[in-house]
A.B. asks: 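This is the structure I want to talk about, given as structure tokens.
The structure displayed is predicted, hence computed values, not measured ones. Atoms considered below: every heavy atom in the structure, side chains included; atoms not considered: hydrogens, waters and symmetry mates.
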Amino acid sequence: MMRFEEMIEGIGSNNEVPERVWKKLDHVLDDLPDYEESPALRLRGRRYAAAAAVTAAMGAALCVSNPALAAKIPFIGRIFEEIENGVPFSGNYSEKAGALTQAEDKGEKENQHTASSFVKTDAGITFTASEVYCDGLSVFLTAQIEVEQGGLENLPGHYINGGYDTAEMMYLRGEWNLTGGGEQSLSNDNLEGRVIDDNTFVGMLKLNLEDYKSEDGELSLRLSSIGWDDATMADAEDISESYRIEGQWDFDIPFSVDTELVKEIGVGQESEGYTLEKVFISPYQVVTYVDVPHEEREITREEYEALMTEKTGGTEDRGITYEEYVEQAGKIYPFWNTVICNQDGEMLFSNPEDVGKTVAAVDGKDISVLNIFVFDDADADLEVEKSRLDNGTVDMKRAKDLAVISAEIEVK
């Protein structure tokens, strides 16, 4: 038997190969090119091509039938490629993001970055920063987490992108800031992605900036704990963050801002006290800014002191000043919500981030026109959002009739 046939037989005899892998192999072999040279060169050319095809098919077969082998494929430097279609705010990051694993030398000793700068190990966990991308309003960072104790295969999945997909998540706690900016706490900023094996997780962290930033900079990330849920502990009284590992994983990550396909469009459309001020658009997200009317209420220093004493147990560290508390709690806002659709009525899955600010995921949808509807009535908002259940698209005529503000914005 020829070696080629032996290789084919070996794949089938040593592994349970799915039928789709055999079909892929047949397709590749059928498409091998013919050569115009002599019969000997033609035979040799097809053998080389066949060998390459078999090697690729072999890898696919073994990875599909043997997840443990698939887990050994190196992900560092190409995590976006693996997860970009299965995370919130999905998109083709792999075509744009910069890999961190290649050493960078900016010419000054204090600003040098090497591959080891992006790998930190503590408390049995290795955190490797892999790639970074910035559209000017968010920094998207991929990372691999390796957990010595294992147990990651018990991570539960959760729905994302409006309930059409699922992803797994690891909790990150700590602080972060950008060059020249103030320090911010990691709160709901977690690593979303997927489990590779019982010890390995890869995912993407999205950090949102308050305002658009067009200059390149550096992300300072100071992690103090890494945690995860365990589906086998579902009967416990509190299953949130079943495991939480305290440690220190510090990174200084340079990034460049991609301004090529980013737009910030002023709108200034006003109705009944609401104003749609502007819209930010990138290949991955749409952010709307609405000025929402509000009422002021007086908060006395005595009220502040009594509340802080109750919350902090009388400690001196209140965590928030009187002036900051007045700014946050001294305004009463009515109901508001913003629904964002493309030209075909496909709704972009979104969440309010701050009062008036809504962040929506593009998730690969084609956008030539944005239709933005601002609601001041919860029942009207619910009626419009439920309208997409009929055929997958929002009834934009009904939305326009019910919205306090309805805007149509050309993007392309």
Side-chain angles (χ1 to χ4, degrees), residues 74-80 83 87 93 97-152 155 168-193 195-196 199-210 213 215-228 241 243-257 317 319:
F75 286 93
I76 302 303
R78 60 181 190 88
I79 292 177
F80 270 130
I83 66 167
V87 293
Y93 297 93
L100 296 171
T101 48
Q102 297 177 352
E104 284 193 22
D105 183 355
K106 296 185 177 180
E108 300 178 17
K109 185 176 181 180
E110 63 270 23
N111 289 331
Q112 287 182 348
H113 294 273
T114 64
S116 62
S117 303
F118 309 116
V119 183
K120 299 296 170 64
T121 300
D122 193 14
I125 293 183
T126 298
F127 188 105
T128 305
S130 177
E131 302 141 291
V132 66
Y133 173 82
C134 181
D135 65 1
L137 202 54
S138 296
V139 176
F140 304 83
L141 174 71
T142 63
Q144 174 176 283
I145 294 180
E146 297 168 276
V147 179
E148 186 176 311
Q149 71 183 53
L152 299 186
L155 259 70
E168 285 111 26
M169 179 174 68
M170 296 195 77
Y171 301 103
L172 304 180
R173 299 292 178 266
E175 309 289 335
W176 69 278
N177 71 283
L178 301 185
T179 306
E183 195 170 74
Q184 302 185 56
S185 295
L186 289 168
S187 179
N188 293 319
D189 311 299
N190 298 306
L191 204 65
E192 302 259 9
V195 172
I196 302 303
N199 301 87
T200 312
F201 181 91
V202 294
M204 180 180 82
L205 170 67
K206 180 177 186 281
L207 297 171
N208 298 324
L209 315 182
E210 290 186 7
K213 173 184 175 66
E215 301 83 16
D216 298 346
E218 188 169 77
L219 165 67
S220 174
L221 183 63
R222 302 289 182 260
L223 300 178
S224 57
S225 77
I226 297 173
W228 62 93
E241 203 164 0
Y243 295 93
R244 183 170 180 172
I245 309 300
E246 306 287 340
Q248 197 65 40
W249 302 266
D250 295 344
F251 300 91
D252 294 305
I253 298 169
F255 65 85
S256 299
V257 178
D317 183 10

A.B. asks: Any idea which heavy atoms bring Trp228 and Gly150 closest together, and the distance?
C.D. replies: CZ2-O, 4.2 Å

A.B. asks: Quick one: side chain to side chain donor-acceptor pair (under 3.5 Å) partners of Ser225, sequence neighbours excluded?
C.D. replies: Arg244

A.B. asks: Could you tell me whether the side chain of Leu191 reaches within less than 4.5 Å of the side chain of Ile226, counting heavy atoms only?
C.D. replies: no

A.B. asks: Rounded to the nearest 0.5 Å, how far apart are CD1 of Ile245 and OG of Ser224?
C.D. replies: 12.5 Å

A.B. asks: What heavy-atom pair brings Gly77 and Ser130 nearest, and what distance separates the two atoms?
C.D. replies: N-OG, 2.7 Å

A.B. asks: Taking the side chain as every heavy atom from C-beta outward, state whether Glu192 and Met169 have any pair of such atoms under 4.5 Å apart.
C.D. replies: yes

A.B. asks: Has the side chain of Gln149 got a donor or acceptor atom that lies under 3.5 Å from a matching backbone atom of Gly124?
C.D. replies: no

A.B. asks: Enter the distance from Gln144:CD to Phe127:CZ here, rounded to the nearest 0.5 Å.
C.D. replies: 10.5 Å

A.B. asks: So, applying side chain to side chain contact (heavy atoms under 4.5 Å, CB included) with Val195, which one of Leu152, Val202, Thr200, Ile145 is it?
C.D. replies: Leu152

A.B. asks: Which residue pairs pass the salt bridge (Lys or Arg N to Asp or Glu O under 4.0 Å) test when at least one of the two sits in residues 172-186, sequence neighbours left out?
C.D. replies: Arg173-Glu241

A.B. asks: Starting at OH of Tyr133, measure out to OG1 of Thr142 and round the result to the nearest 0.5 Å.
C.D. replies: 14.0 Å

A.B. asks: Side chain of Thr179, backbone of Glu218: donor and acceptor closer than 3.5 Å?
C.D. replies: yes

A.B. asks: What's the spacing between Tyr171 OH and Asn190 CG if we round to 0.5 Å?
C.D. replies: 7.0 Å

A.B. asks: Sequence neighbours left out, what passes side chain to side chain donor-acceptor pair (under 3.5 Å) with Ser187? Give chain and number order.
C.D. replies: none

A.B. asks: Which pairs with one or both residues in residues 133-145 pass salt bridge (Lys or Arg N to Asp or Glu O under 4.0 Å), sequence neighbours excluded?
C.D. replies: none

A.B. asks: Run the ring-ring contact (aromatic ring centres under 6.0 Å, His included) test against Phe80 and tell me which residues pass, sequence neighbours left out.
C.D. replies: Tyr93

A.B. asks: Considering all heavy atoms of both residues, which atom of Asn208 and which atom of Trp176 are nearest to each other, and what is their separation?
C.D. replies: O-CH2, 3.6 Å

A.B. asks: Could you work out, with side chain to side chain donor-acceptor pair (under 3.5 Å) as the rule, every residue matching Asp122, not counting sequence neighbours?
C.D. replies: none

A.B. asks: To the nearest 0.5 Å, how far apart are CD1 in Ile125 and CG in Asn199?
C.D. replies: 11.0 Å

A.B. asks: For Lys120, check side-chain contact (heavy atoms from CB on, under 4.5 Å) against everything at least two apart and list the hits.
C.D. replies: Trp249, Phe251

A.B. asks: Out of curiosity, Leu219 CG to Leu205 CG, how far, rounded to the nearest 0.5 Å?
C.D. replies: 8.0 Å

A.B. asks: Name all pairs fulfilling the salt bridge (Lys or Arg N to Asp or Glu O under 4.0 Å) condition that reach into residues 219-228, sequence neighbours left out, sorted by first residue then second.
C.D. replies: Arg222-Asp252

A.B. asks: According to side-chain contact (heavy atoms from CB on, under 4.5 Å), who are the partners of Val132, at least two apart in sequence or on a separate chain?
C.D. replies: Leu100, Val139, Leu141, Ile253, Phe255

A.B. asks: If you count heavy atoms of other groups shown closer than 6.0 angstrom to CD of Glu246, is the number above 12?
C.D. replies: yes

A.B. asks: Please name all residues satisfying side chain to side chain donor-acceptor pair (under 3.5 Å) with Thr126, sequence neighbours left out, ordered by chain then number.
C.D. replies: Thr121

A.B. asks: Of all heavy-atom pairs between Ile83 and Met204, which one has the smallest distance, and what is that distance?
C.D. replies: CD1-N, 3.6 Å

